[in-house]
Asker: 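This is the structure, below, for whatever I ask next.
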Amino acid sequence: MTDQAQHHALGAAHAELMGVEFDSFDREREEITLRFRAPDSFITPRGSVQGGLIAGFLDEVMGWAHVWATDHAEAPLNLDLTMTILKPVPAGPLVGKGRVIKRGRRVIFLEGELFDPAGTLLARATSTAIPTPRPVAASRDS
């Protein structure tokens, strides 16, 4: 996949808001690593990223793990997402790792983790999803 195609695939408005950047994909482990940048606007009065937005980071990394594992042919449609926040998530750079745990024709199981730049685990999630054909995004230039 070209750099331009990677950027377009990750360049949806919500991904831009989260500062998503592709880092790597390990085909053998079906694990993707994405980098995020949580903006100050995501911070609550408690001083950390709002929980629903943390779920968004984890959903993004789990979904892309399945997309890359299927050579961009499929995208998951979540049935559920379970999240645990282990430490407050700060504004700034974050690292997400998502992986396919098990994939069947009717259901897939995904897992995601969110780390600070030092490698401290901040949050984790699991998802049960339905594999679906990946929607083709319209060109942003049209």
Side-chain angles (χ1 to χ4, degrees), residues 1-104 107-142:
M1 183 176 231
T2 67
D3 287 341
Q4 183 177 359
Q6 277 183 5
H7 177 71
H8 179 70
L10 293 171
H14 72 278
E16 288 181 15
L17 186 62
M18 294 187 291
V20 179
E21 291 181 13
F22 175 84
D23 184 276
S24 63
F25 179 70
D26 181 329
R27 180 158 301 284
E28 185 176 316
R29 295 186 61 192
E30 295 190 331
E31 180 179 86
I32 195 166
T33 301
L34 299 177
R35 298 197 175 274
F36 299 99
R37 178 158 294 279
D40 290 337
S41 62
F42 282 19
I43 301 301
T44 70
R46 293 184 188 269
S48 59
V49 174
Q50 191 270 344
L53 299 170
I54 295 169
F57 290 124
L58 292 163
D59 181 34
E60 192 76 1
V61 78
M62 289 187 293
W64 281 109
H66 180 72
V67 170
W68 278 76
T70 61
D71 293 323
H72 295 75
E74 293 180 356
L77 179 60
N78 284 339
L79 295 172
D80 69 17
L81 188 147
T82 302
M83 174 182 71
T84 303
I85 301 170
L86 302 166
K87 293 186 177 274
V89 176
L94 300 166
V95 177
K97 291 191 177 282
R99 68 195 61 81
V100 177
I101 300 302
K102 183 175 180 172
R103 181 178 45 253
V107 68
I108 52 178
F109 299 93
L110 305 168
E111 181 178 71
E113 297 168 318
L114 193 62
F115 301 89
D116 69 13
T120 302
L121 180 61
L122 303 173
R124 62 184 321 269
T126 59
S127 175
T128 306
I130 299 169
T132 64
R134 185 162 175 240
V136 177
S139 171
R140 298 165 94 188
D141 299 330
S142 49

Asker: Tell me the closest heavy-atom pair linking Ala91 and Val49, and the distance in Å.
Answerer: N-CG2, 4.4 Å
Asker: So which atom in Ile54 and which in Ala123 form the shortest heavy-atom distance, rounded to 0.1 Å?
Answerer: CG2-CB, 3.8 Å
Asker: Using a distance-only test with no angle check, is there a side-chain donor-acceptor pair under 3.5 angstrom linking His14 and Glu60?
Answerer: yes
Asker: Any chance you could measure Thr82, atom OG1, to Asp80, atom CG, to the nearest 0.5 Å?
Answerer: 5.0 Å
Asker: Is there side-chain contact between Met18 and Phe42, with heavy atoms separated by less than 4.5 Å?
Answerer: yes
Asker: How many angstroms lie between atom CD1 of Ile32 and atom CG of Asp26, to the nearest 0.5 angstrom?
Answerer: 11.0 Å
Asker: Would you please test Leu79 and Ile130 for side-chain contact (heavy atoms from CB on, under 4.5 Å) and show each step?
Answerer: CA-CA 7 Å; Leu79 295 172; Ile130 299 169; 3.6 Å; yes
Asker: For Phe36, enumerate each residue passing the ring-ring contact (aromatic ring centres under 6.0 Å, His included) test, keeping only those at least two apart in sequence or located in another chain.
Answerer: Phe57
Asker: Please report the interatomic distance CG(Leu86) to CD(Glu113), rounded to the nearest 0.5 Å.
Answerer: 9.5 Å
Asker: I'd like to check Arg35 versus Val20 (side-chain heavy atoms, cut-off strictly below 4.5 Å). Are they in contact?
Answerer: no
Asker: Quick one, Lys87 and Thr120 - any side-chain contact, counting heavy atoms below 4.5 Å?
Answerer: yes
Asker: What are the two closest heavy atoms between Ile108 and Pro76, and how far apart are they?
Answerer: CD1-CB, 3.6 Å
Asker: Find out whether Phe109 and Val100 are in side-chain contact, i.e. whether some heavy atom of one side chain is under 4.5 Å from a heavy atom of the other.
Answerer: no
Asker: Only one of Glu31, Glu30, His66 passes side chain to side chain contact (heavy atoms under 4.5 Å, CB included) with Arg99; say which it is.
Answerer: Glu31
Asker: Any heavy-atom pair between the side chains of Glu21 and Asp23 that's under 4.5 Å?
Answerer: no
Asker: Working to the nearest 0.5 angstrom, can you tell me the gap between Thr84 OG1 and Leu121 CG?
Answerer: 9.5 Å
Asker: Specify the closest pair of heavy atoms between Gly51 and Ile85, including all atoms of both residues, with the distance to one decimal.
Answerer: CA-CD1, 4.1 Å
Asker: With a 4.5 Å cut-off on side-chain heavy atoms, are Leu34 and Trp64 touching?
Answerer: yes
Asker: If you round to the nearest 0.5 Å, how far is CG of Leu94 from CG of Asp116?
Answerer: 8.0 Å
Asker: Check whether any side-chain heavy atom of Val89 lies under 4.5 Å from a side-chain heavy atom of Leu114, and answer yes or no.
Answerer: yes
Asker: Any chance you could measure Gln50, atom CD, to Thr44, atom OG1, to the nearest 0.5 Å?
Answerer: 7.5 Å
Asker: Side chains of Leu81 and Leu58, heavy atoms from C-beta outward: is any pair under 4.5 Å?
Answerer: no
Asker: Can you tell whether the side chains of Asp71 and Arg27 come within less than 4.0 Å, N to carboxylate O?
Answerer: yes
Asker: Would a distance-only check, ignoring hydrogens and angles, find a side-chain to backbone donor-acceptor pair under 3.5 Å from Thr132 to Ala75?
Answerer: yes
